[in-house]
Amino acid sequence: MAALAATPVAAQQSGTARELLDGYVNEALRENLSLAQQREALRRADAGMREANGRLLPSLGLNARYSEFSGVVNIGDFINPAYGALNQLLGQQRFPTDVAATLPFRQETRLELQLPVFNDALFAARAAARAQRDLVGSARRAAMRQLAADVQQAWLGYATAVRAVETLEATVPVLDENLRVSERLIANGQATPDVLLRARAERSELQQQLEDTRRQRDAARRGFNLLRNAADEAPIALVDDSTMLAAGLTDGDVLVAAALQRREELAQSASGIAIARAQERAAAAAFLPNVGLAASYGVQGNRYRFDRDNDVGIASLVLSWNVFNGTQDAARREQAQATRVEAQYRQREAVRAVSVQVRNAVDAVTAARAMLAAADDRAASAERAFALVQRRFAEGLATQVEFFGARSSATAAALNRVISRFAYASRVVELERAAALRALPN
């Protein structure tokens, strides 16, 4: 995945560092556990939207019942005597006197079909589910973009610590040589023992700084491997510092326009407004009637008989309308309207926040680029000055205070150059995130 190739602000660079970082970013996007949770949240939101769509479709169910009764009233006990009296009056057996009928029937089996004809609350629920799915999707992509930036920042932090360790380790032989020179000067009567003690103290201070920097390096390695879900001590590849990330176009207006089109936070705010509108529609639906169609077909009786004499069919058109419920519906609609306006204010705030982030990132890149040039000049000058003082000290022409001062300045300048170089790359990464320059996978 190319980070900047698809944008008008692509960096002009050798690509070595970019290719390495893109590989680590792609690995993290596949393996990161937090992002895996986001994927499952999106899957859940997709299922919720399908559920909301299903409520608008007809539902068909089968209901069956068979019962055994005891002590129920038999209607025949009331009808048979009357029919017997009529037969006697007529002198004919025209009416049955063995009627046996109990209610309810022993069995009842039917298919039931239900279909919403008009229910605005269901349409509102579907719109809310769709907006919720879009919100979760935008949140997932925002997490992906943040993870891409975090991976690059973590790699740069680890690389900074590695280069700092190398710089300090390269200084250790210089102080070892200073110890030997101090011992020689004392042996030749050109210095007093305090010179050797100060040399040992200076080396111990450097060793202490080196151990702490190594600790920071190891912590940075574990933090980086955590982001890509790798083993704590998994090796991390580095590149030549000359291929560090570099920014191309830093036109604030162009980058702000790109960010306003691509930033996931703005899509999230738009989804929040859509959810609020759906809630407002659901609240307003309480003022409208609900119309539904219900139909059932089956058989009933004391025994299972599948014929025209035992089948039963019912079709109903059902209307329900809540005329008054104590102004609760009006209050809910007002709450939903306030929620929508609140979401619109949040969207306006998000637009301004994104614009400020991009412009601040552009300023940070510009300042870091200038600071990098100054850091290179400082390191080169301090290194030349230390070389001269070191030669004079070896010849006994410079004091130990001058030597330590020059050495400290050279080491600090070298560390500052390392930090400045990687800080510049870090600002480029932040600009990439703020302006949404990286193309994310689906």
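Values reported hereafter were calculated over all heavy atoms of this structure, with side chains retained and with hydrogens, waters and symmetry mates removed.
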> To the nearest 0.5 Å, how far apart are CE in Met144 and OG in Ser34?
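With rounding to 0.5 Å, CE (Met144) is 13.5 Å from OG (Ser34).
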
> Got more than 12 heavy atoms from elsewhere within 6.0 Å of CZ, Arg44?
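No.
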
> Do the side chain of Ser269 and the main chain of Leu266 share a donor and acceptor less than 3.5 angstrom apart?
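Yes; judged by distance alone, with no hydrogens or angles, the pair exists.
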
> Measuring only between side-chain heavy atoms, which start at C-beta, is Glu27 closer than 4.5 Å to Val151?
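They are not in contact (no side-chain heavy atoms under 4.5 Å apart), so the answer is no.
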
> Evaluate salt bridge (charged side-chain N to carboxylate O under 4.0 Å, His left out) for Arg340 paired with Glu280, printing each intermediate quantity in order.
CA-CA 8 Å; Arg340 174 178 54 80; Glu280 187 176 357; 2.7 Å; yes

> Is any side-chain heavy atom of Tyr66 closer than 4.5 Å to one of Glu108?
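Of all side-chain heavy-atom pairs linking Tyr66 with Glu108, none is under 4.5 Å.
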
> Under 3.5 Å, is there a donor on one side chain and an acceptor on the other for Ser67 and Arg65?
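Ser67 vs Arg65: donor-acceptor pair found between side chains.
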
> Output the distance between atom CG (Leu440) and atom CZ (Arg141), rounded to the nearest 0.5 Å.
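Rounded to the nearest 0.5 Å, the CG-CZ separation comes out at 5.0 Å.
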
> Give a yes or no answer on whether the side chain of Gln328 reaches the backbone of Asn325 with a donor-acceptor pair at less than 3.5 Å.
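Confirmed, Gln328 side chain pairs with Asn325 backbone.
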
> Charged N to carboxylate O under 4.0 angstrom, Asp218 versus Arg222?
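Here Asp218 does not pair with Arg222 in a salt bridge, since their nearest N and O are not under 4.0 Å apart.
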
> For Met371, enumerate each residue passing the side chain to side chain contact (heavy atoms under 4.5 Å, CB included) test, keeping only those at least two apart in sequence or located in another chain.
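Scan of Met371 (side chain to side chain contact (heavy atoms under 4.5 Å, CB included), adjacent residues dropped) gives none.
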
> Would Glu51 and Arg126 pass as an ion pair if we require N to O under 4.0 Å?
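Salt bridge between Glu51 and Arg126, a charged N being under 4.0 Å from a carboxylate O: no.
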
> Shortest non-hydrogen contact from Ala129 to Ala52?
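Taking Ala129 first and Ala52 second, the nearest heavy atoms are CB-CB, 3.7 Å.
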
> For Gln208 and Asp212, run side chain to side chain donor-acceptor pair (under 3.5 Å): C-alpha distance rounded to whole Å, both residues' side-chain angles, the deciding distance at 0.1 Å, then the answer.
CA-CA 6 Å; Gln208 185 179 13; Asp212 187 61; over 6 Å; no

> Using modelled atom types and a 3.5 Å cut-off, is there a donor and acceptor pairing between side-chain atoms of Asn229 and backbone atoms of Asn32?
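Such a contact is absent between Asn229 side chain and Asn32 backbone.
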
> Would you verify whether the NZ or CZ of Arg333 falls within 45 degrees of the ring axis of Phe287 while also being under 6.0 Å from that six-membered ring's centre?
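Yes, Arg333 lies over the aromatic ring of Phe287.
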
> Start with the C-alpha gap between Glu432 and Arg18, add the side-chain angles, then the distance that decides, and say whether salt bridge (charged side-chain N to carboxylate O under 4.0 Å, His left out) holds.
CA-CA 12 Å; Glu432 172 193 283; Arg18 172 56 66 194; 3.4 Å; yes

> What distance do Leu210 atom CG and Arg217 atom CZ have between them, rounded to the nearest 0.5 Å?
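Here the interatomic distance stands at 8.5 Å.
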
> Check whether any side-chain heavy atom of Ile236 sits under 4.5 Å from a side-chain heavy atom of Arg228, and report yes or no.
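A side-chain contact under 4.5 Å exists here.
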
> If you measure only the distance, is there a donor-acceptor pair under 3.5 Å linking the side chains of Gln268 and Glu264?
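No pair is found: no donor N or O on one side chain lies under 3.5 Å from an acceptor on the other.
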
> Applying salt bridge (charged side-chain N to carboxylate O under 4.0 Å, His left out) to Glu112 and Arg110, what does each step give before you reach the verdict?
CA-CA 6 Å; Glu112 294 184 342; Arg110 65 180 184 272; 2.5 Å; yes

> Is atom CD of Glu334 surrounded by more than 12 heavy atoms (other residues, nucleotides or ligands) closer than 6.0 Å?
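Open: at most 12 neighbouring heavy atoms sit under 6.0 Å from CD of Glu334.
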
> Considering only heavy atoms from C-beta outward, does the side chain of Val362 approach that of Leu255 to under 4.5 Å?
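With C-beta onward as the side chain, the pair touches.
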
> Of all the heavy-atom pairs spanning Leu293 and Ser316, show the shortest one and how long it is.
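Shortest heavy-atom contact: CD1-O, 3.3 Å.
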
> Would you say Arg180's side chain and Leu175's backbone share a donor-acceptor pair under 3.5 angstrom?
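Checked: no pair found.
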
> Answer yes or no: is there a donor N or O on one side and an acceptor on the other, between the side chain of Thr411 and the main chain of Arg407, under 3.5 Å?
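Yes.
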
> Is it true that Arg214 and Glu211 make a salt bridge, defined as a side-chain N closer than 4.0 Å to a carboxylate O?
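Salt bridge present between Arg214 and Glu211.
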
> Side chains of Arg421 and Val418, heavy atoms from C-beta outward: is any pair under 4.5 Å?
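In short, these two side chains do not touch, never coming nearer than 4.5 Å.
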
> Could you grab the distance from atom CD of Gln207 to atom OG1 of Thr171, nearest 0.5 Å is fine?
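Taking CD in Gln207 and OG1 in Thr171, the distance rounds to 11.5 Å.
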
> For the side chain of Glu402 and the backbone of Thr399, is there at least one donor-acceptor N/O pair under 3.5 Å apart?
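Side chain of Glu402 to backbone of Thr399: a pair is present.
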
> Quick one: does any side-chain atom of Ser408 pair with a main-chain N or O of Gly405 as donor and acceptor, under 3.5 Å?
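Side chain of Ser408 to backbone of Gly405, a donor-acceptor pair under 3.5 Å: no, none is there.
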
> Out of curiosity, Trp155 CH2 to Leu21 CG, how far, rounded to the nearest 0.5 Å?
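Result: 5.0 Å between the selected atoms.
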
> For residues Glu177 and Gln390, is any side-chain donor paired with an opposing acceptor at under 3.5 Å?
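Looking only at side-chain atoms, Gln390 and Glu177 do not form any donor-acceptor pair under 3.5 Å.
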
> Quick one about Asn26 and Asp22 (side-chain donor to acceptor, distance below 3.5 Å, no hydrogens or angles considered), yes or no?
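No pair is found: no donor N or O on one side chain lies under 3.5 Å from an acceptor on the other.
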
> Could you give me the CA-CA distance, side-chain angles and deciding distance for Arg359 and Ser355, then say whether side chain to side chain donor-acceptor pair (under 3.5 Å) is met?
CA-CA 6 Å; Arg359 295 190 186 280; Ser355 299; 5.9 Å; no

> Looking only at side-chain N and O atoms, does Gln146 offer a donor or acceptor that is under 3.5 Å from a partner on Asp150?
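On atom types as modelled, these side chains qualify, holding a pair under 3.5 Å.
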
> Do Phe118 and Leu288 have side chains that get closer than 4.5 Å, going by heavy atoms?
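Side chain of Phe118 against side chain of Leu288, heavy atoms only: contact under 4.5 Å found.
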
> Output all residues satisfying side chain to side chain contact (heavy atoms under 4.5 Å, CB included) with Ala259, sequence neighbours left out; order by chain, then residue number.
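Here the qualifying residues are Arg263, Val354, Val358.
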
> When rounded to the nearest 0.5 angstrom, what distance separates OH in Tyr24 from CG in Asn225?
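So the OH of Tyr24 and the CG of Asn225 are separated by 8.0 Å.
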
> Hey, are Gln153 and Ser426 close enough side-chain-wise for a donor-acceptor pair under 3.5 Å?
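Yes, Gln153 and Ser426 have a side-chain donor paired with an acceptor closer than 3.5 Å.
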
> Are Glu169 and Val165 close enough that some pair of their side-chain heavy atoms sits under 4.5 Å apart?
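Counting from C-beta outward, Glu169 and Val165 do come under 4.5 Å.
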
> With a 4.0 Å cut-off on N to O distance, would you call Asp46 and Arg43 a salt bridge?
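Result for this pair is no, no salt bridge flagged.
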
> Could you work out, with side-chain hydrogen bond (donor to acceptor under 3.5 Å, both in side chains) as the rule, every residue matching Tyr345, not counting sequence neighbours?
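Result, side-chain hydrogen bond (donor to acceptor under 3.5 Å, both in side chains) vs Tyr345: none returned.
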
> Using the side-chain hydrogen bond (donor to acceptor under 3.5 Å, both in side chains) rule, pick out the option among Glu342, Glu349, Gln344 that qualifies with Arg346.
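The residue from Glu342, Glu349, Gln344 that satisfies side-chain hydrogen bond (donor to acceptor under 3.5 Å, both in side chains) with Arg346 turns out to be Glu342.
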
> Considering all heavy atoms of both residues, which atom of Val429 and which atom of Ala149 are nearest to each other, and what is their separation?
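That closest heavy-atom pairing would be CG1-O, 3.8 Å.
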
> Hey, does Ile314 have a side-chain heavy atom less than 4.5 Å from the side chain of Tyr297?
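Sidechains of Ile314 and Tyr297: no contact.
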
> Indicate whether the side chain of Thr167 and that of Arg163 have a donor and an acceptor atom separated by less than 3.5 Å.
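No, because no side-chain N or O of Thr167 sits under 3.5 Å from a partner of the opposite role on Arg163.
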
